[in-house]
Protein chains: 2
Amino acid sequence: MPENREVTIYDIAKHLNISAATVSRGLKNNPMINKNTRKKIADAAKQLGYQSNTFASSLRSKHTHTLGVLVPRLNSYFMSSVLAGMENAANRHGYNLIIAQSLEDAEKEKLNAETMFNKRVDGLLISLSYNTQHINHLEPFFKRKIPVVFFDRVYPHNESTSIVINNYGAAYNITQHLIEQGCRRIMHLGGNVLRNVYKDRLDGYRQALNDNRLPVIQQLYLTSNLSEQAGIEAARYILDMAPDDRPDAVFSANDTAAVYCMLTLKAAGIRIPEDIAFAGFNNDPISKVIEPNLTTVDYSGDTVGNTAVTNLINHLKGDSNLYITNSITLRSDLVIRASSLKKQIARN
Amino acid sequence: MPENREVTIYDIAKHLNISAATVSRGLKNNPMINKNTRKKIADAAKQLGYQSNTFASSLRSKHTHTLGVLVPRLNSYFMSSVLAGMENAANRHGYNLIIAQSLEDAEKEKLNAETMFNKRVDGLLISLSYNTQHINHLEPFFKRKIPVVFFDRVYPHNESTSIVINNYGAAYNITQHLIEQGCRRIMHLGGNVLRNVYKDRLDGYRQALNDNRLPVIQQLYLTSNLSEQAGIEAARYILDMAPDDRPDAVFSANDTAAVYCMLTLKAAGIRIPEDIAFAGFNNDPISKVIEPNLTTVDYSGDTVGNTAVTNLINHLKGDSNLYITNSITLRSDLVIRASSLKKQIARN
DNA sequence: TTGTACGCGTTATCAT
DNA sequence: ATGATAACGCGTACAA
């Protein structure tokens, strides 16, 4: 006889001739309750096939043990590492993740944020879409003091934490490295400067040129969405230039564009790094497979995710009304590989 | 004065001197309600900063518009494509995704399944961990008729849908292809045969050998977790063999192991495909970057995800008590690339 | 240590 | 077309 009502704490209570309140307490292992009754309750729960109803609980207790995660895209190596790190940390603390992607669309980001709010997530983890201009859509969170943690593509907000790496410094160093290899006409493939990550990488690149008294050449700066296609188009752009105008190095703001640019140039007979040296960003798996291996910047998505969630949960467990604003800068490492080692290769 | 109570439909009701029931209906655009009142309600809602409380609604209406997704790992190319596809389809239908990973651990899978049940997901999408032996942990879902959709790593269950590709056929074809290239000693790098995907790929490989009257050689079958490290170890295993015993081709059950095996062999002076031809599985981005490009099996994670969610939601919207069990086999394509083109390359 | 009683915010039912 | 009321399952202040 398929009874279709849920098994509730009342059923357990009736079964044991005790009150629902006691069952509720016993199930949470409240030490006030007699150890014996606790055991009896647990047994009865198992026997009756009781499964606690999280949102009935949430309705009462005002917290969901659920974190919202809002990212531009789910299917990139970096982002899936971040998610893996987040899930790990969340799980460890008894939290769950509800995940949505904006597909780089500010409007969708707004809708998703609203959904997450309506689901009453205990906190929000967000990396902004390509063209998000403001964060008005996060106001409901701010108003209700629901903590928001920005990561990677962040937005200045003095009541939220941001998790980033030093994009400026990493870009500066990688550009400096190319310069030390003898490169003088370094091209940069960048993204939308609305986003800190691309702005900072561009700034770092430019500053390195300045500090080395190299000109910043307008023609050697391309912005795009840094997709495979964008990499291929960058290569065509280079091939269309008069040979003397061509760059002797390319620093791309991500590995995907770098790699597909390399592949296209190689197919056209350009030698790497002899003719054009390369550097990317992210340490994507493809950077270790392309030949010559791509010089890049390594930073752990896993760590970003872990840090973001851990930080958020700490706020949640502490006094969330008084927590201190901060920005956490994670470590990143320059990974030097053959694609940028101009002089050394040339010596052979 | 920071009032910390939520804005509820009662506030709107009071504000407009109407009943909460009307507000509830109006907010859902119930056509029974006067268009005028509907507008007034919407306006008041905006004005008062009302945000619907999803789980109060869920408590009453018995459905959460949330789907649980339980995967072995979040951070693989295939899985992140699947998730992207799922999120897309779910979003399109007004559903959300709550995501957890088992980290290939059956115990963790069990715990996660329980959490998902407790959150009363409307349906569960699951790909089994490496060593899951049974699906007793899904019983609560079956008992409550909550639809479960298996994808990729599935389990036979006559009240659930499975989304797969024809792993057997794809493996058969790719092995046949290698044989047609003149390969006679084809090694197979496989996974745990507990999982259909690896069992079927192994079977397809073996059948192709049989059909071509080639011996199935014990030493040429290695099982592992198909990680980078496993690929490297497979290469070492090959290099340790007497040259005459070595395979003349390797068919790996995933691209990662294939690519790292290739890289290691290349570094040791083995020529690919002349000495050893290669084929993988998944059409991971690295397969397009390795040189020579890896022959592989393409199937869209995006489509898997989309299909799984769409199917699930169809059940949800239809009569979920009567839905018909089925197994959906998605298309996959053999992608032939240079790494396996033994004869052609040799001719040059 | 346990029980009573109420409320969380919404929706379904029945009535008007 | 709208209102009154109960109920969803749980947690907690207060009482015992």
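If A/Leu59 and B/Ser19 are placed on DNA chain D by their nearest nucleotide, the residue sitting closer to the 5' end is B/Ser19.
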Legend entry - B/S/- contact track for nucleotides 10-16 of chain C, protein heavy atom under 4.0 Å: BBBBB--

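A donor-acceptor contact shorter than 3.5 Å is absent between the side chain of B/Tyr155 and the backbone of B/Phe150. Listed for the A/Asn326 side chain is no donor-acceptor partner under 3.5 Å among the backbone atoms of A/Thr161. Distance alone, capped at 3.5 Å, is enough to place a donor-acceptor pair between the A/Thr310 side chain and the A/Asn306 backbone.
Scored by the side-chain hydrogen bond (donor to acceptor under 3.5 Å, both in side chains) test, A/Thr132 finds A/Glu109, A/Ser129 as partners (sequence neighbours excluded).
The environment of NZ in B/Lys108 is crowded: more than 12 heavy-atom neighbours from other residues, nucleotides or ligands sit within 6.0 Å.
Read 5' to 3', the first and last nucleotides of DNA chain D with an atom closer than 4.0 Å to a heavy atom of chain A are D/dG9 to D/dC14.
When the C1' atom of C/dT2 is taken as reference, atom CD1 of A/Ile12 falls 16 Å away, rounded to whole Å. What separates CZ of A/Phe55 from C1' of C/dG9 is a distance of 13 Å, to the nearest Å. Atom CG of A/Leu16 is separated from atom P of C/dG3 by 10 Å (rounded to the nearest Å).
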Result block: side-chain N/O donor-acceptor pairs under 3.5 angstrom for residues 93-100 of chain A, not counting sequence neighbours:
none

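For DNA chain C, none of the residues of residues 29-43 of chain B falls under the heavy-atom distance limit of 4.0 Å. For the segment residues 110-119 of chain B, no residue has any heavy atom less than 4.0 angstrom from an atom of DNA chain D.
Checking the phosphate oxygens (OP1, OP2) of C/dT2, no side-chain nitrogen or oxygen of A/Thr22 falls inside 4.0 Å.
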Legend entry - ring-ring contact (aromatic ring centres under 6.0 Å, His included) between B/Phe117 and B/Phe141, worked out: CA-CA 7 Å; B/Phe117 185 90; B/Phe141 292 89; 5.3 Å; yes

